[in-house]
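In what follows, a single structure is set out as C-alpha cells and then discussed.
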Amino acid sequence: MDRIRIVGGNALNGIIPISGAKNAALPLMIASLLTSDTLTLENVPHLADVEGLIRILGNHGVDIAVNGRREHQDGSYSRTVHFTCRTVADTTAPYELVSKMRASFWVIGPLLAREGQARVSLPGGCAIGTRPVDLFIEGLTALGAEMEIDGGYINAKAPKGGLIGARYTFPKVSVGATHVMLMAASLARGTTVIGNAAREPEVVDLANCLNAMGAKISGAGTSTIKIEGVTSLSGARHRVLPDRIETGTYAMAVAMTGGDVTLSGTDITLLDTAIEAIRRAGAEVSAVEGGIRVIGHGDQIRPVDIVTEPFPGFPTDLQAQFMGLMTRANGVSHVTETIFENRFMHVQELARLGAKITLSGQTARIEGVTRLRGAPVMATDLRASVSLVIAGLAAEGETMVSRVYHLDRGFERLEEKLTRCGAIVERITD
Ligand code: EPZ
C-alpha cells in the first residue's frame with residue numbers, strides 16, 4: 001500500500017493549479033443517465049472516486065470516452081470525458097459498488113426518472129458517520145414514487161406515466177438529496193418546488209448543466225429551487241467548476257508553512273467563509289487574475305473559532321484541515337462539527353505530531369503549540385488525511401502518512417503540486 005513521506009519545514013512558493021471539483025464531477029457524471037445523447041464534461045479531475053464512478057456508470061450502460069489530458073503551462077491538466085447512455089442496461093446498483101462510494105446511490109434519481117424504476121443498494125454507514133437516506137426516500141415519495149426497502153435495497157417505482165412534480169421541503173439540508181431531486185424532477189410531469197434545498201456551488205453547477213441539457217431549473221444557489229419538468233433532456237457540454245475544498249486546503253497549507261502561492265484556475269467567491277477564517281488566522285488572501293494569491297506567515301498564526309455549517313457556512317470538508325492549521329496557533333481555538341457526528345478521527349493522529357486537542361461532544365479545543373514533530377500517522381478518511389499532510393509540512397522532521405488511498409479519492413497529484421512549490425513530499429510504493 002502506498003505511503004506519503006513528508007519532510008516538514010519548507011515554506012511553499014509558486015503556483016498550484018486547482019483541479020475540477022470531485023463533488024461537482026460526481027453528480028454531473030450521474031446526470032448523463034438522464035439522456036440518450038452525449039454529455040461532455042470538461043475539467044474532470046483524475047481521482048479514484050471519479051474512476052470508480054466511471055466503472056459504475058458503465059454497468060448501467062453508459063459509454064465513456066476520455067480525451068487525453070492536455071498539460072498547460074502552469075502544470076495543470078484538462079481532461080474532457082464524453083458520457084453516452086443510449087439505453088439503460090441495468091436499473092440495479094448493487095451493494096458491492098454502492099458500498100464503495102456513497103455518491104453512487106444518487107443514480108436512483110435519474111434511473112427512476114428515465115426508466116420508471118430503480119433498485120439501489122442502501123449505502124450503509126461510513127467512517128465519518130451513519131449517513132442515512134431518509135431524505136431521499138421522502139423527497140422521491142413526494143414525487144409520487146413508491147419506495148420500499150427490501151433486503152438492504154431500495155426498490156423505487158414511479159407511477160404510470162412517470163414522476164409527478166410536487167412541493168417538498170427538506171427537514172434538513174442535504175447536498176446529495178438536493179442533487180437527486182433536481183435530476184428526478186427535471187423529467188417529472190409538472191412543476192416541483194424544493195424548500196430548504198442545499199445551496200452549495202456544486203448544486204448550482206449541476207443545475208446549470210441540467211439547464212444546458214434542456215431542463216428548466218431556477219433558484220439554484222438559494223434555499224428554494226423550482227423545476228418545471230420536461231419530457232426529455234438532450235446532450236450538452238459543461239465545464240466542471242473548480243474544487244473549492246482543494247482550494248481551501250492548499251490555502252491553509254500556505255497559511256501554516258508560510259510562503260507565497262498562487263492557486264490558479266479557481267475562484268475566491270466559492271469559499272468566502274473559509275477565506276475569511278484563513279485571513280483571521282493571519283494569512284493574506286486576495287483574488288488575482290485567474291485565481292487566488294495566498295501569503296502565509298508561518299509562525300504568526302492567530303487562533304480562530306469555527307463552526308461547520310451547510311453552505312455558505314464553513315464547510316465540513318475543510319474542518320480537519322483548519323484544525324491542522326490551528327494546532328500551531330498562538331492561543332486556544334475551538335472547532336465545532338455540526339454536519340457529521342464522527343468527523344474527528346484526525347484528532348488522535350494530529351496528537352501524534354504533538355498537537356494538543358481535547359474533545360468535548362462535537363467541539364474540539366485546540367491549544368496551539370510552538371512546534372509539531374514528524375511521526376508515522378494513518379489516514380482515516382479523505383479530508384482527515386490531508387490535514388495530516390498539512391500538519392506534516394509544518395512539522396520538524398519526517399512524517400509518514402499511511403493508507404494514502406483515502407487521499408487519492410479526492411486530491412489529484414497532491415505530491416506533485418506540493419513538490420513544485422518547494423515542499424519535500426514523496427510517494428513510496430511498497
Ligand atoms: C456531500 O455529501 C459531499 N459528498 C460530502 O463530501 C460533504 O461532506 C457533504 O455533502 C456535506 O457538505 C459529495 O458531494 C460526493 P449530505 P452528502 O447529504 O451529500 C444527513 C468529501 O469528503 N442526511 O449533505 O452525502 C447526513 O447524515 C465528502 O468529499 C440525513 O440525515 O452529505 C449529514 O449529517 C464527505 N438523511 C447531513 O445530512 C439523508 O437522507 C448532510 O449530509 C441524507 C443526509
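Atoms within a ligand are numbered from 1 in the order they appear, just like the ligands themselves. In what follows, residues are counted from 1 in the order of the sequence shown.
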Contact region, E341 to ligand 1, non-hydrogen atoms below 4.0 Å, reads neither
Is the shortest distance from a heavy atom of F170 to ligand 1 less than 4.0 Å? no
Are any of the side-chain nitrogens in R427 or E415 under 4.0 Å away from the carboxylate oxygens of its partner? yes
Taking a cutoff of less than 4.0 Å between a non-hydrogen atom of the residue and any ligand atom, is E202 in contact with ligand 1? no
Report the part of H179 in contact with ligand 1, treating N, CA, C, O as backbone and CB onward as side chain, heavy atoms under 4.0 Å; options are side chain, backbone, both, neither. neither
Residue set satisfying ring pair (Phe, Tyr, Trp, His ring centres under 6.0 Å) with F411, at least two apart, ordered chain then number -> none
Side chain, backbone, both or neither: which part of D134 has a heavy atom under 4.0 Å from ligand 1? both
Applying a 4.0 Å heavy-atom criterion (strictly less than), which segment of F311 is in contact with ligand 1: side chain, backbone, both, or neither? neither
Validate the cation-pi geometry between R119 and Y153: distance from NZ or CZ to the six-membered ring centre under 6.0 Å, angle to the ring axis within 45°. yes
Using 4.0 Å as the upper bound for N to carboxylate O, is an ion pair formed by D305 and R365? no
Show me the pairs that pass side-chain hydrogen bond (donor to acceptor under 3.5 Å, both in side chains) and involve residues 50-64, at least two apart or across chains. E51-R79
Under 4.0 Å from ligand 1, counting heavy atoms only, is it the side chain of R343, its backbone, both or neither? side chain
Heavy-atom contacts under 4.0 Å between I339 and ligand 1: side chain, backbone, both, or neither? both
Does E337 have a heavy atom less than 4.0 Å from any atom of ligand 1? no
Do S385 and R403 have a side chain donor and acceptor closer than 3.5 Å? no
For atom 30 (C) of ligand 1, which of the options P27, A21, P123, P132 provides the nearest non-hydrogen atom? P132
Hey, is V175 touching ligand 1 through its side chain, its backbone, both or neither, going by heavy atoms under 4.0 Å? both
Taking atom CD as the centre, does E146 end up with more than 12 heavy-atom neighbours from other residues, nucleotides or ligands that are less than 6.0 angstrom away? no
